[in-house]
**Q** 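One structure, as structure tokens, below. Some questions next.
In what follows, every heavy atom counts, from backbone to side chain, and hydrogens, waters and symmetry copies are set aside. We number each residue from 1, following the sequence as shown. From a predicted model like this one, the values you see are computed outputs, not experimental measurements.
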Amino acid sequence: MNTPSLPDPHDRPARLTVGVVGAGRVGPALAAALQLAGHRPVAVSGVSDASRRRADALLPGVPLVTPAEVLAAADLVLLTVPDDALPELVEGLAATGAVRPGQLLVHTSGRYGVGVLGPARRAGALPLALHPAMTFTGTAVDVQRLAGCSFGVTAPEELRLAAEALVIEMGGEPEWIAEEARPLYHAALALGANHLVTLVAEAMELLGEAGVGAPDRMLGPLLGAALDNALRSGGAALTGPVARGDAGTVAAHVEQLRAHAPRTVPGYLAMARATADRALDQGLLKADLAAALLAVLADRAEDSVPGRASGIPTDDDHPDDDHPDDERPDGEGQDGTDR
């Protein structure tokens with residue numbers, strides 16, 4: 001098996017032709033970053049109009065072709081499709097003979113390691129899992145944001161140097177993740193990044209309901225400081241009524257949320273209980289105050305009824321014709337933590 005020459009990541013490695021299967025938000029940005037490092041994008045596949053526009057913007061002049069044609073043209077192929085589509089894609093490419101021996105096959109899923117590339121590996125491909133831990137917009141700004149971005153990397157031992165070189169060339173920092181730890185690694189990123197967006201969006205909506213004219217301006221400094229403190233100090237950075245044990249304030253919060261935004265109540269209660277547990281562990285919340293606080297949270301939790309009012313969708317919320325199946329092969333909506 002011929003491994004492409006990617007020696008010392010601090011040197012300029014051999015130039016590779018690059019292909020992208022799935023022109024969602026991630027693939028074109030990574031290919032554009034590799035192009036800046038001297039590699040040559042030669043082919044990209046995409047189905048939707050959005051994917052085609054994105055490819056034209058980030059990879060101008062690179063032809064849009066079928067996935068099989070991408071593999072035929074490229075030394076290095078980026079498979080940037082949704083998690084659930086990846087196993088079937090790999091199996092199909094291997095079964096049709098599209099995979100070439102010695103070809104670097106890279107997927108960007110956070111969930112999977114290199115095991116999912118097994119069919120292609122048996123056909124002679126060199127498998128890498130390079131997951132950028134970043135939220136992507138699908139625009140040129142993503143290429144700049146890759147500078148200093150951590151990549152969750154899983155690779156066979158003989159390809160570790162190649163994986164490291166590619167990540168560094170894209171401006172990133174490799175973080176090695178064991179194959180069996182990939183789902184936990186990805187769950188941690190989703191918990192932090194995806195849920196953060198939901199929390200911030202709900203907070204902005206509630207501030208608007210309370211009459212705040214510029215919720216984003218009000219939240220920006222507060223959330224920036226909270227994030228910085230949390231990254232520096234972990235649970236010791238906790239502040240607020242739950243950490244202080246202000247049961248009356250928490251009860252008032254729940255009543256207001258129940259009246260104005262009932263869908264937010266289950267999330268508030270769940271996060272308040274988790275916060276109380278962490279504050280207890282950190283010694284921030286005193287045991288006598290914790291008892292009253294947890295009693296309030298338990299009482300309010302019993303009032304929450306599953307269904308629409310508590311934010312839990314019913315079957316009617318997801319009619320079959322609401323799923324944009326034509327976008328799935330392109331990885332629409334993908335970002336560093338959505339896979």
Side-chain angles (χ1 to χ4, degrees), residues 1 3 18-31 33-34 45 67 70-71 74 76-96 98-100 103-136 146 149-167 170 172-195 325 327-339:
M1 188 180 299
T3 303
V18 179
V20 179
V21 175
R25 298 183 184 182
V26 178
L30 297 186
L34 289 169
S45 70
V70 171
L71 269 72
L76 165 64
V77 179
L78 302 172
L79 303 180
T80 52
V81 298
D83 287 356
D84 289 349
L86 183 59
E88 184 177 356
L89 171 66
V90 175
E91 290 177 3
L93 292 172
T96 57
V99 178
R100 292 187 285 110
Q103 187 170 48
L104 278 167
L105 211 56
V106 178
H107 78 70
T108 58
S109 166
R111 169 186 171 187
Y112 291 111
V114 294
V116 72
L117 298 174
R121 189 177 188 179
R122 290 189 288 274
L126 309 177
L128 299 176
L130 308 180
H131 174 249
M134 188 182 85
T135 295
F136 285 77
L146 285 171
C149 170
S150 291
F151 279 65
V153 178
T154 304
E157 186 63 33
E158 65 273 17
L159 293 177
R160 284 173 66 97
L161 190 60
E164 181 181 33
L166 289 171
V167 169
M170 287 186 282
E173 296 288 340
E175 189 71 40
W176 298 100
I177 309 296
E179 179 84 15
E180 63 274 11
R182 294 288 292 203
L184 178 61
Y185 151 80
H186 193 232
L189 294 179
L191 182 67
N194 302 155
H195 297 175
D325 290 335
E327 301 292 352
R328 296 289 291 171
D330 291 340
E332 291 294 346
Q334 284 193 48
D335 63 25
T337 57
D338 283 348
R339 289 180 286 278

**Q** Quick one: closest heavy-atom pair of V26 and P132, and the distance?
**A** CG1-CG, 4.3 Å
**Q** Under the side-chain contact (heavy atoms from CB on, under 4.5 Å) rule, what do F136 and T108 come out as? Steps first, then yes or no, please.
**A** CA-CA 12 Å; F136 285 77; T108 58; over 6 Å; no
**Q** Using the ring centroid of each side chain, check whether H131 and Y185 are separated by less than 6.0 Å.
**A** yes
**Q** What are the two closest heavy atoms between P119 and V90, and how far apart are they?
**A** CD-CG1, 4.1 Å
**Q** E164 versus V153: any side-chain heavy-atom pair under 4.5 Å?
**A** no
**Q** Checking R100 side chain against G124 main chain: does a donor-acceptor pair fall under 3.5 Å?
**A** no
**Q** Are the side chains of L76 and L166 in touch, meaning some heavy atoms are under 4.5 Å apart?
**A** yes
**Q** Could you check if a side-chain atom of Y112 sits within less than 4.5 angstrom of a side-chain atom of L86, using non-hydrogen atoms only?
**A** yes
**Q** State, with a plain yes or no, whether a side-chain heavy atom of E179 is found less than 4.5 Å away from one of V114.
**A** yes
**Q** Which residue in the set T80, D84, D83 passes side-chain hydrogen bond (donor to acceptor under 3.5 Å, both in side chains) when paired with S109?
**A** D83
**Q** Does A94 offer a backbone N or O that forms a donor-acceptor pair with the side chain of R122 under 3.5 Å?
**A** no
**Q** Which pair of non-hydrogen atoms, one from G22 and one from V81, has the smallest distance, and what is that distance?
**A** CA-CG1, 4.2 Å
**Q** So, for P127 and A125, which heavy atoms are closest and what is the spacing to 0.1 Å?
**A** CD-O, 3.5 Å
**Q** Which heavy atom in A133 sits nearest to a heavy atom in C149, and how many Å separate them?
**A** N-SG, 3.8 Å
**Q** Closest heavy-atom contact between Q103 and L71?
**A** NE2-O, 2.6 Å
**Q** Between V20 and V70, does the side-chain contact (heavy atoms from CB on, under 4.5 Å) criterion hold? Intermediate values first, please.
**A** CA-CA 7 Å; V20 179; V70 171; 5.7 Å; no
**Q** If you apply the rule side-chain contact (heavy atoms from CB on, under 4.5 Å), what do you find for V106 with L30, and how did you get there?
**A** CA-CA 11 Å; V106 178; L30 297 186; over 6 Å; no
**Q** Which is it for E158 and R121 under the salt bridge (charged side-chain N to carboxylate O under 4.0 Å, His left out) test, yes or no, and what are the steps along the way?
**A** CA-CA 13 Å; E158 65 273 17; R121 189 177 188 179; 3.8 Å; yes
**Q** Less than 4.5 Å apart, any side-chain heavy atom of F151 and any of L146?
**A** yes
**Q** Give the C-alpha distance, both sets of side-chain angles, the deciding distance and a yes or no for side-chain contact (heavy atoms from CB on, under 4.5 Å) between V77 and L93.
**A** CA-CA 12 Å; V77 179; L93 292 172; over 6 Å; no
**Q** Nearest 0.5 Å, what's the OG1-CG distance between T154 and L128?
**A** 10.0 Å
